[in-house]
Number of protein chains: 2
Amino acid sequence: MSDTHTGVPSVLTAPLPIPVPTAEHQACPVTDVLRRAGDRWSVLILILLGKRSYRFNELHRSIEGISQRMLTRTLRGLERDGFVSRTVHPSVPPSVEYDLTDLGRTFLGPLSALADWAVLHGPDITTAREHHDAHAANHAGNGA
Amino acid sequence: MSDTHTGVPSVLTAPLPIPVPTAEHQACPVTDVLRRAGDRWSVLILILLGKRSYRFNELHRSIEGISQRMLTRTLRGLERDGFVSRTVHPSVPPSVEYDLTDLGRTFLGPLSALADWAVLHGPDITTAREHHDAHAANHAGNGA
DNA sequence: CGGCATCCCGTGAGATACTG
DNA sequence: CAGTATCTCACGGGATGCCG
């Protein structure tokens with residue numbers, strides 16, 4: 001326990017190795033990955049592919065709520081960043097298989113940590129939110 | 001080591017405790033938290049507040065690239081969800097102090113895990129990206 | 001100092017239709 | 001089956017200006 005409360009050593013708790021990307025776009029890998037995880041579908045897809053291989057329409061049906069446009073775009077993004085691999089089987093009709101790469105697999109670790117935290121503290125957030133909203137309503141609606 | 005490669009037990013590796021939010025909005029706490037972490041400024045602010053208390057304009061200057069609009073909005077969001085606390089000192093001129101709550105502090109743990117992963121594998125992603133883009137350029141630019 | 005209101009633009013993301 | 005293309009809307013997020 002040197003400079004933090006949790007005792008967890010990390011790039012985040014270092015003096016300030018992340019210079020807080022002063023410029024327009026971030027070249028910061030952390031922000032980069034965070035955005036990835038933050039987008040609506042990537043994580044869902046990674047979770048499914050973590051279990052087994054999927055074909056395009058199989059993913060489409062499994063997620064159900066995603067448009068094929070977003071499925072394609074998200075898969076392309078994940079493929080580009082090396083999280084998933086795309087294998088085309090030249091059959092008729094064509095079939096395309098998506099898998100997690102090794103990189104994608106290692107990503108499930110830290111992702112799980114965050115997911116577990118979310119599940120554990122989700123109620124706390126909900127409570128805080130209701131609490132806050134209640135106060136806000138008081139301050140806005142009426143002082144009586 | 002039952003159903004996963006990493007051996008990391010998690011809600012993500014369970015049979016499928018997250019029913020993949022079929023509906024429009026997600027009530028899923030995981031997605032919720034992920035979005036939080038994914039937005040551009042929240043994490044930066046949490047990191048700074050993890051070190052010490054900050055006043056509004058102090059944060060504004062420290063991040064520098066953020067508009068006061070977004071700073072306000074992000075702080076309100078974090079406050080609403082119970083990550084940060086806002087303390088008004090009724091002085092003239094007024095001063096407002098922002099701190100991390102206990103909840104916010106515990107969040108730094110899993111966040112660090114993800115940040116460390118990002119720093120560690122950032123190069124891999126960059127490489128994969130360049131590799132992918134190079135191929136894409138070949139396939140698009142010319143067939144000759 | 002610490003905000004909130006307004007305007008404005010770029011992108012995220014869904015719906016739909018068409019192709020190889 | 002596995003996509004691509006277009007249209008559209010909603011939201012994130014920056015700039016500016018005003019108020020307590």
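Chain letters run A, B, ... following the sequence lines, proteins first, then strands; residues in each count from 1.
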>> Nearest to the side chain of R73(B), heavy atoms from C-beta on, is which of dG12(D), dG14(C), dG3(C)?
In response: dG12(D)
> In terms of the nearest nucleotide of DNA chain D, which residue is placed more toward the 5' end: R76(A) or R69(A)?
Replying inline: R76(A)
>> How many whole angstroms separate atom CD of E64(B) from atom C1' of dG14(D)?
In response: 15 Å
> Between L75(B) and M70(A), which is nearer to the 5' end of DNA chain C once each is assigned its nearest nucleotide?
Replying inline: L75(B)
>> Of the listed nucleotides (dG14(C), dG3(C), dG2(C)), which one gets closest to any side-chain atom of R55(B)?
In response: dG2(C)
>> For the backbone of S95(B) and the side chain of R55(B), can you confirm whether one donor and one acceptor N or O come within less than 3.5 Å of each other?
In response: no
>> Please report the distance, rounded to the nearest Å, between CZ in R61(A) and P in dG3(D).
In response: 13 Å
> Which sits closer to the 5' end of DNA chain C, E97(B) or G38(A), going by the nucleotide each is nearest to?
Replying inline: E97(B)
> Counting distance only, does the side-chain N/O of H132(B) pair as donor-acceptor with the main-chain N or O of D81(A) below 3.5 Å?
Replying inline: no
> Is there a donor-acceptor contact under 3.5 Å from the side chain of T74(A) to the main chain of S42(A)?
Replying inline: no
> Taking atom C1' of dG3(C) as reference, at what distance in whole Å does atom NE2 of H89(B) sit?
Replying inline: 16 Å
> Closer than 4.0 Å, any side-chain N/O of R40(B) to the OP1 or OP2 of dG14(D)?
Replying inline: yes
> Quick one: do the T127(A) and D124(A) side chains pair a donor with an acceptor below 3.5 Å?
Replying inline: no
>> Rounded to whole Å, please give me the gap between OH in Y98(A) and P in dC1(D).
In response: 14 Å
> W41(B) has an atom CH2; how far is it from atom C1' of dG14(D), in whole Å?
Replying inline: 10 Å
> Can you tell me how far P of dG17(D) sits from CD of Q68(B), to the nearest Å?
Replying inline: 12 Å
>> Less than 6.0 angstrom from the centroid, inside 45 degrees of the normal: does R105(A) satisfy that with respect to the ring of F107(A)?
In response: no
>> From CG of D39(B) over to P of dG14(D), roughly how many Å is that when rounded to an integer?
In response: 10 Å
> Roughly how many Å is it from CG in N57(B) to P in dG3(C), rounded to a whole number?
Replying inline: 9 Å
